[in-house]
Amino acid sequence: MKIALLGYGKMGKVIERIALERGHEIVLKKDEFNTYDGLSTAAVAIDFSVPTAAVNNISAAFNSGVPVVSGTTGWLEHYDEMIALCKEKNGGFISSSNFSLGVNIFFGLNEYLAKLMAPFDSYNVSMEEIHHIHKLDAPSGTAISLAQGVIENSSYDSWALDETKENTIRIEAKRIGEVPGTHTVNYDSAIDSIEIKHTAHNREGFALGAVIAAEWLAGKQGIFTMKDVLNL
Ligand SMILES: NC(=O)C1=CN([C@@H]2O[C@H](COP(=O)(O)OP(=O)(O)OC[C@H]3O[C@@H](n4cnc5c(N)ncnc54)[C@H](OP(=O)(O)O)[C@@H]3O)[C@@H](O)[C@H]2O)C=CC1
Ligand SMILES: O=C(O)C1=N[C@H](C(=O)O)C[C@H](O)C1
């Protein structure tokens, strides 16, 4: 299958290796400076770029009739525009803050725990995410997805970075060395604590998940999630 890489940084390069290992062909490696030449020949585009480039990249793919797997984080304020464009162009779209199998299982665990904890207001929930020092956005997209999972299943109604407020999930974002991505959800009371944690050891899981999502999306129209891809 022909794949266009929109963003060819740390993630783009791991995705390229895994895609080639799985027999795919890379027809475009878009970085900050080159053009979209080759995009329209792709069966699917995979966007792992920067928050300021994601909307242009995704739009370019939909306008070329190419379905998109998007992993870029930090552009959520434009999400509805991209959904509208996808529908207008009868496109295919999977966007996820985290494509790894482990984190998608962790998302389910987080929602289940939030439901269990909802009746017990002696516990306060908070989250911590740790990433490498090059990361541009905070909190991470994964931490925002985890917070949304709690909000949908409890009386919490918002999240805030480094702030403690009533009915608000406090998220702490740490930037340390080359950490690939660690997320912790903590329920704390005066008596005890319950903690769930996902630790990525490298970028392989994110990249493999994105390639599997691309294989699944090729030839499809509509808006999907990793739950559809992984049958979760
Ligand atoms: N959903 C998931 O599972 C995961 C998501 N991510 C997210 O993916 C994104 C990329 O991460 P990562 O690879 O580590 O970041 P990098 O900074 O290593 O790579 C970003 C790439 O985007 C390129 N870029 C900049 N401007 C444009 C543009 N206008 N069009 C196309 N590409 C452009 C940069 O090009 P240049 O080299 O020329 O500057 C660079 O190669 C981040 O938002 C990160 O949060 C990361 C891991 C997993
Ligand atoms: O920037 C990263 O590296 C990562 N970003 C994603 C996020 O913001 O959640 C996913 C992963 O944690 C790595």
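In listed order, ligands and their atoms are each counted from 1.
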query: What do the steps show when you test Y123 against D192 for side chain to side chain contact (heavy atoms under 4.5 Å, CB included), and what is the final call?
result: CA-CA 9 Å; Y123 288 89; D192 56 13; 2.7 Å; yes
message: Using side chain to side chain contact (heavy atoms under 4.5 Å, CB included), reason through T73 and L136 one step at a time and then give a plain yes or no.
response: CA-CA 9 Å; T73 52; L136 297 178; over 6 Å; no
query: Between S70 and W75, is a side chain to side chain contact (heavy atoms under 4.5 Å, CB included) present by the stated rule, with each step listed?
result: CA-CA 11 Å; S70 175; W75 60 276; 3.8 Å; yes
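For atom 37 (O) of ligand 1, the protein comes within 4.0 Å by no heavy atom at all. Note that atom 34 (C) of ligand 1 has no protein non-hydrogen atoms nearby, at separations under 4.0 angstrom.
Of all the heavy atoms of Y8, the ones lying under 4.0 Å from any atom of ligand 1 belong exclusively to the backbone. Contacts between S96 and ligand 1 below 4.0 angstrom, taking non-hydrogen atoms only, involve the backbone exclusively. Heavy atoms of K135 found under 4.0 angstrom from ligand 1 belong exclusively to the side chain. Residue contacts with ligand 1, taken as heavy atom pairs separated by less than 4.0 Å, do not involve S100 at all. The side chain of N57, and not its backbone, has at least one atom closer than 4.0 Å to an atom of ligand 1 (non-hydrogen atoms only; side chain from C-beta on).
For ligand 1, the polar-atom distance check finds an N/O of T73 within less than 3.5 Å of one of the ligand's N/O atoms. For ligand 1, the polar-atom distance check finds no N/O of R203 at less than 3.5 Å from any of the ligand's N/O atoms. Residue-to-ligand polar distances keep L6 apart from ligand 1: every N/O pair is separated by 3.5 Å or more. The shortest N/O to N/O separation between G9 and ligand 1 falls below 3.5 Å. At least one N or O atom of M11 sits closer than 3.5 Å to an N or O atom of ligand 1. Checking only distances, G71 does come within under 3.5 Å of ligand 1, N or O to N or O. Considering backbone and side-chain atoms together, K10 places an N or O closer than 3.5 Å to an N or O of ligand 1.
Neither F62 nor L28 shares a network with the other; the hydrophobic side chains, linked directly or stepwise wherever heavy atoms of I, L, V, M, F, W or Y lie under 4.5 Å apart, form separate groups for each.
Closest protein heavy atom to atom 23 (C) of ligand 1: G7 CA, 4.2 Å. The single protein non-hydrogen atom nearest to atom 29 (N) of ligand 1 is A53 CB, 3.3 Å, given as residue, atom name and distance. For atom 2 (C) of ligand 1, the nearest non-hydrogen atom of the protein is S97 O, 3.4 Å. The protein non-hydrogen atom at the shortest distance from atom 39 (O) of ligand 1 is E32 OE1, 3.7 Å. In terms of protein heavy-atom proximity, atom 3 (O) of ligand 1 is closest to F99 N, 2.9 Å. When hydrogens are left out, the protein atom nearest atom 25 (C) of ligand 1 is V50 CG2, 3.6 Å; that is the closest non-hydrogen contact. For atom 4 (C) of ligand 1, the closest non-hydrogen atom of the protein is F48 CE2, 3.4 Å.
When G181, S49, A54 are checked for heavy-atom proximity to atom 9 (C) of ligand 1, S49 turns out nearest.
A donor-acceptor contact shorter than 3.5 Å links the side chain of T168 to the backbone of E166. S126 places no side-chain N or O within 3.5 Å of a backbone atom of R170 that could act as its donor or acceptor partner. At least one donor-acceptor pair under 3.5 Å links the side chain of N104 to the backbone N or O of N98. Counting only distance, with no hydrogens or angles, the side chain of N110 and the backbone of L146 share a donor-acceptor pair below 3.5 Å.
Atoms OG and CE, from S140 and M127 in turn, are 10.0 Å apart once rounded to the nearest 0.5 Å. Atom CD1 of I26 and atom CD1 of I15 lie 9.0 Å apart (nearest 0.5 Å).
Screening H198, R175, H183 against E129 for a side chain to side chain donor-acceptor pair (under 3.5 Å) leaves a single residue, R175.
For the pair E195 and V185, the minimum side-chain heavy-atom distance is 4.5 Å or more.
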When you check ligand 2 against the protein, what N or O pairs turn up below 3.5 Å? List the atom names and distances, or just say none.
residue  : atom   : partner : partner atom : Å
ligand 2 : 1 (O)  : K135    : NZ           : 2.9
ligand 2 : 3 (O)  : H132    : NE2          : 2.7
ligand 2 : 5 (N)  : K135    : NZ           : 3.1
ligand 2 : 8 (O)  : T73     : OG1          : 3.4
ligand 2 : 8 (O)  : K135    : NZ           : 2.7
ligand 2 : 8 (O)  : G141    : N            : 2.9
ligand 2 : 9 (O)  : G141    : N            : 3.3
ligand 2 : 9 (O)  : T142    : N            : 2.8
ligand 2 : 9 (O)  : T142    : OG1          : 2.5
ligand 2 : 12 (O) : H131    : NE2          : 2.6

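Remark: H78 pairs with E81 by the side chain to side chain donor-acceptor pair (under 3.5 Å) rule, at least two apart or across chains. Legend: residues meeting salt bridge (charged side-chain N to carboxylate O under 4.0 Å, His left out) with E21, ordered by chain and number and at least two apart, are R17.
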Return all side-chain donor-acceptor pairs below 3.5 angstrom for residues 222-230, not counting sequence neighbours, or 'none' if the list is empty.
residue : atom : partner : partner atom : Å
T225    : OG1  : K227    : N            : 3.1
D228    : OD2  : T225    : N            : 2.8

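With salt bridges taken as basic N to acidic carboxylate O contacts below 4.0 Å, none links D31 and K29.
By the 6.0 Å and 45° rule, K30 does not stack over the aromatic ring of Y8.
Below 4.0 Å from some heavy atom of T72 lie the following atoms of ligand 1, by number and element: 8 (O), 43 (O).
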